[in-house]
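The basis for the numbers below is simple: all heavy atoms, side chains too, and nothing from hydrogens, waters or symmetry mates. Index from 1, following the sequence.
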Amino acid sequence: MPLLKEDLYTIDDIYALPDGERAELIDGHIYYMAPPSRKHQDISMELSSAIKDHIRSHGGKCKVYAAPFAVHLDEKTDTYVEPDISVICDPNKLDDRGCKGAPDWIIEIVSPSSKKMDYLIKLRKYSACGVKEYWIIDPEKNRIIVYNFTGDESINEYTLKDAVKAGIYEDLIIDFGSMDI
């Protein structure tokens, strides 16, 4: 008896979703997304603002985007994600539909429904696709895990009261303890 073929989806299926319905597409599988909590949004806004202010005050060329923002991780049509925060330093990766290729830095803020995605599936995907730095912020566990995928491939852990240095910038330190979260 032949094995049943599992349906694989494409980017066309993502763009055909009803308005307001959000999902990500990883290796041809659709993962629906629940609306974020208020605390999730507070963290996202604080971080996005701090990163953007740093880039602007230093005359940087990188761009910061908060979700929903389309990231097409590879040239195939089977991986489309909406990271909570994406920092892209190569303007050639940006077009009107989002980012084509790996952002330099991705931050995911863990929600109860996204734990497996953020800690396992996206971690592997981001590392394999060329993301330089990946932060997982877990408000429920009061934890920040910073993965540096360049050079030393380090992993560091912090709390939501610590000051955390961004790896892609020499002088950006984000003080979570001073944030209104």
Side-chain angles (χ1 to χ4, degrees), residues 8-37 40-41 43-52 54-56 60-111 113-139 144-150 153 155 164 166-169 172 174:
L8 292 180
Y9 297 91
T10 69
I11 194 66
D12 293 333
D13 296 307
I14 289 291
Y15 283 110
L17 290 173
D19 284 345
E21 189 165 355
R22 291 181 54 213
E24 294 177 307
L25 180 71
I26 299 177
D27 296 327
H29 300 281
I30 288 183
Y31 298 89
Y32 291 93
M33 299 164 59
S37 70
H40 181 284
Q41 291 300 89
I43 294 169
S44 178
M45 290 299 295
E46 288 279 347
L47 282 171
S48 296
S49 295
I51 297 165
K52 185 172 184 163
H54 177 81
I55 293 168
R56 185 175 285 158
K61 304 228 184 283
C62 300
K63 295 286 197 172
V64 181
Y65 296 96
F69 178 72
V71 173
H72 304 266
L73 279 176
D74 55 35
E75 294 189 16
K76 300 180 208 172
T77 60
D78 65 354
T79 301
Y80 162 99
V81 292
E82 292 183 6
D84 291 313
I85 300 172
S86 301
V87 179
I88 298 111
C89 299
D90 180 354
N92 294 321
K93 290 183 177 181
L94 297 170
D95 65 18
D96 286 341
R97 291 190 100 176
C99 177
K100 290 189 178 191
D104 295 85
W105 180 12
I106 288 178
I107 299 172
E108 294 285 7
I109 303 161
V110 177
S111 299
S113 64
S114 73
K115 286 180 186 191
K116 180 180 176 187
M117 290 290 295
D118 296 335
Y119 281 108
L120 298 172
I121 297 169
K122 287 183 177 180
L123 171 62
R124 285 193 300 266
K125 199 68 177 173
Y126 293 160
S127 173
C129 288
V131 171
K132 294 177 183 171
E133 186 169 354
Y134 176 41
W135 290 18
I136 300 174
I137 299 172
D138 192 332
I144 303 162
I145 302 174
V146 175
Y147 294 90
N148 179 342
F149 298 130
T150 61
E153 306 247 339
I155 303 169
V164 181
I168 70 167
Y169 294 106
L172 174 57
I174 297 176

If you round to the nearest 0.5 Å, how far is [atom2] of [Y] from [atom1] of [X]?
{"X": "E24", "Y": "T79", "atom1": "CD", "atom2": "OG1", "result": "10.5 Å"}
{"X": "S48", "Y": "I43", "atom1": "OG", "atom2": "CD1", "result": "11.5 Å"}
{"X": "I14", "Y": "Y80", "atom1": "CD1", "atom2": "OH", "result": "6.5 Å"}
{"X": "D74", "Y": "K125", "atom1": "CG", "atom2": "NZ", "result": "5.5 Å"}
{"X": "E133", "Y": "I106", "atom1": "CD", "atom2": "CD1", "result": "11.0 Å"}

With heavy-atom distances below 4.5 Å as the criterion, would you say the side chains of [X] and [Y] are in contact?
{"X": "C62", "Y": "D104", "result": "no"}
{"X": "I136", "Y": "Y147", "result": "yes"}
{"X": "W135", "Y": "I85", "result": "no"}
{"X": "L8", "Y": "D78", "result": "no"}
{"X": "P103", "Y": "I88", "result": "yes"}
{"X": "F69", "Y": "K63", "result": "no"}

Please verify the inter-ring angle class for Y134 with F149; under 30° counts as parallel, over 60° as perpendicular, anything in between as tilted.
parallel
Parallel, tilted or perpendicular: ring planes of Y15 versus H72, cut at 30 and 60 degrees:
parallel
Residue pair [X] / [Y]: nearest heavy atoms and the distance that separates them:
{"X": "V71", "Y": "G101", "result": "CG1-O, 3.8 Å"}
{"X": "L25", "Y": "I11", "result": "CD2-N, 3.5 Å"}
{"X": "I51", "Y": "I174", "result": "CG1-CD1, 3.9 Å"}
{"X": "R97", "Y": "A70", "result": "O-CB, 3.1 Å"}
{"X": "C89", "Y": "I168", "result": "SG-CD1, 4.4 Å"}
{"X": "R22", "Y": "P36", "result": "NH1-CD, 4.4 Å"}

Under the criterion side chain to side chain contact (heavy atoms under 4.5 Å, CB included), I'd like the reasoning laid out for L17 against Y32: C-alpha separation, chi angles, the key distance, then a yes or no.
CA-CA 10 Å; L17 290 173; Y32 291 93; 4.0 Å; yes
Look at the side chain of [X] and the backbone N and O of [Y], then say whether any donor-acceptor pair between them is shorter than 3.5 Å.
{"X": "S44", "Y": "H40", "result": "no"}
{"X": "S114", "Y": "M117", "result": "no"}
{"X": "E108", "Y": "D118", "result": "no"}
{"X": "S111", "Y": "S113", "result": "no"}

Take atom CE in M45; do more than 12 heavy atoms of anything else shown fall under 6.0 Å from it?
no
Enclosure of K93 NZ (heavy-atom neighbours >12, cutoff 6.0 Å):
yes
Using the side chain to side chain contact (heavy atoms under 4.5 Å, CB included) rule, take L47 and I137 through it: C-alpha gap first, then chi angles, then the decisive distance, then the call.
CA-CA 11 Å; L47 282 171; I137 299 172; 3.2 Å; yes
Would you please test Y126 and L73 for side chain to side chain contact (heavy atoms under 4.5 Å, CB included) and show each step?
CA-CA 8 Å; Y126 293 160; L73 279 176; 3.8 Å; yes
